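Being a predicted model, the structure only gives us computed values, none of them experimental. Chain A is the first sequence line, chain B the second, and so forth, proteins listed ahead of strands; every chain is numbered from 1.
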Amino acid sequence: MAGGDADPDGELVERVGRGDPAAVRALIARKLPRMVALAVRMLGDGAEAEDVAQEVFLRAWRQAPKWRPGAARFDTWMHRVAMNLCYDRLRRRREQPTAEPPEQVDPGAPPDRGLMALDVGRRVEAAVRALPDRQREAIVLCHYQELGNIEAADVLGISVEALESLLARGRRTLRSRLGDLR
Amino acid sequence: MNAERFRGLAEAWGGDLDRWPAAERDQARAFLAVSPDAAQALAEARGLDAALDAWRSPEASAALRERIIASAPAPRRRSPWVWASPWLRGAGLAAACAAGVMAGAALSGRAAPDPAGEALIAVATVFQGAPSPGVGLEPEES
């Protein structure tokens with residue numbers, strides 16, 4: 001088992017695989033906020049993020065009856081599916097440059113101590129979005145999704161050492177861009 | 001664990017030791033207890049963590065939640081047979097076997113030879129075995 005421990009979702013997924021309605025609702029309550037948050041931070045578009053989250057669950061319903069614990073955690077599997085769906089959408093955006101890109105905030109906005117929390121959030125969002133792709137993905141998975149090093153490295157298909165390097169470089173850049181907020 | 005490694009971990013994983021790689025957490029806690037530099041590195045990392053937390057993601061809409069619930073497969077219907085206890089299942093199997101034996105016996109009784117029918121078959125066999133008119137009465141060629 002990646003992560004070293006038993007899958008905390010294992011029993012729930014087994015019940016979902018049997019079609020237990022209470023388990024279905026419990027899995028949605030546990031994972032939907034995480035899937036939406038991941039997709040929003042990857043795509044910057046709420047409607048697209050909801051489509052991704054819905055597709056992740058459609059695949060989860062198909063996967064649950066045949067899920068065999070041991071290889072990976074179900075949460076890690078869901079993250080990998082969500083990330084791949086996000087990659088597909090980002091690739092399509094690049095191939096269709098006429099599509100209207102989601103609204104972005106200028107990462108170079110001057111510091112303002114009187115900014116409301118929402119504005120601070122938008123500045124942070126802009127700073128994270130301005131990072132190179134892999135650094136941004138590492139920070140989204142580890143800081144925001146709170147995946148462990150083994151799970152995040154698994155989702156990104158890299159070693160834990162490479163993941164740590166991405167995180168350190170990304171956070172260093174963010175520290176310099178958001179230094180006035182700390 | 002040394003100061004350089006501690007700082008490297010803080011720069012990568014932030015100021016919450018619970019988010020650090022599990023394999024190094026205990027060593028990091030022990031080092032933190034004796035190193036002021038480690039405490040400083042952790043405090044700096046916590047500052048960035050707090051800034052990052054200002055970016056909040058929207059909550060999933062109720063409509064999305066309902067769509068996903070509706071997309072879930074229907075509960076699998078299990079027949080009462082599956083729910084029955086092993087004892088009941090055994091009794092059911094025995095009853096089915098007994099019914100099968102009784103039905104077999106009844107059917108074999110119906111298929112018993114009918115004496116009248118047997119007589120007809122015997123007569124037919126005699127006539128089929130008899131030579132047909134003309135056959136065997138032809139004069140043999142000399």
Side-chain angles (χ1 to χ4, degrees), chain A residues 3-5 16 18-21 24-25 27-29 32-33 35-41 46 49-50 53-54 57-58 60-62 64-65 117-118 120-125 127-128 138-139 142-144 146 148-150 160 163-172 174-175 178-179 181-182, chain B residues 1-28 40-79 82-83:
Chain A
D5 304 317
V16 168
R18 294 201 310 261
D20 179 344
V24 163
R25 288 180 177 272
L27 189 73
I28 292 170
L32 180 57
M35 293 299 108
V36 169
L38 173 63
V40 163
R41 290 197 168 102
E50 290 209 344
Q54 187 168 359
F57 276 92
L58 281 174
W61 305 147
R62 290 198 293 268
L118 180 64
V120 175
R122 297 188 77 185
R123 264 197 68 197
V124 173
E125 175 181 357
V128 175
I139 285 174
C142 294
H143 181 82
Y144 292 106
E146 299 187 12
N149 59 342
I150 295 171
V160 290
L163 173 70
E164 195 168 299
S165 173
L166 288 171
L167 285 170
R169 283 183 282 151
R171 285 179 63 100
R172 215 171 290 140
L174 291 172
R175 199 164 53 240
L178 302 171
L181 294 179
R182 292 182 289 127
Chain B
M1 182 66 59
N2 56 36
E4 185 183 0
R5 179 59 184 151
F6 192 98
R7 183 165 285 279
L9 285 165
E11 285 181 352
W13 295 97
D16 182 355
L17 286 176
D18 288 338
R19 292 189 181 186
W20 287 25
E24 296 184 87
R25 258 179 239 152
D26 288 345
Q27 291 177 326
Q40 176 63 29
L42 217 52
E44 289 175 11
R46 283 188 187 130
L48 181 58
D49 290 345
L52 293 178
D53 289 343
W55 180 19
R56 300 186 181 280
S57 67
E59 291 190 3
S61 68
L64 173 64
R65 196 177 304 272
E66 291 308 313
R67 282 203 305 276
I68 292 175
I69 289 172
S71 74
R76 287 190 210 161
R77 287 188 175 277
R78 305 181 75 183
S79 71
V82 175
W83 285 107

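Looking at B:Asp16, there are no atoms closer than 4.5 Å to chain A (heavy atoms on both sides), in backbone or side chain. Only the side chain of A:Arg25 comes within less than 4.5 Å of a heavy atom in chain B; its backbone stays farther off. With a 4.5 angstrom heavy-atom cutoff, B:Ala23 does not touch chain A via any of its atoms. The contact between B:Ala72 and chain A is made by backbone and side chain atoms together, counting heavy-atom distances below 4.5 Å. At a 4.5 Å heavy-atom cutoff, A:Leu166 makes no contact with chain B through either its backbone or its side chain. Both the backbone and the side chain of B:Arg65 come within less than 4.5 Å of a heavy atom in chain A.
Chosen from A:Met35, A:Arg172, A:Arg41, A:Gln54, the residue pairing most often with chain B at heavy-atom distances under 4.5 Å is A:Arg41. Highest contact tally toward chain A, considering only B:Ala12, B:Gly14, B:Ser57, is held by B:Ala12 [criterion: heavy-atom pairs under 4.5 Å]. Of the residues considered (A:Asn149, A:Val36, A:Val160), A:Asn149 shows the highest number of contacts with chain B, using heavy-atom pairs under 4.5 Å. Ranking A:Glu146, A:Arg169, A:Arg62 against chain B, the residue ahead of the rest is A:Glu146, based on heavy-atom pairs under 4.5 Å. Note: A:Val128 leads A:Val128, A:Leu163, A:Leu38, A:Ile139 in heavy-atom pairs under 4.5 Å with chain B.
Salt-bridge check for B:Glu44 with A:Arg171: failed, with every basic side-chain N at 4.0 Å or more from each acidic carboxylate O.
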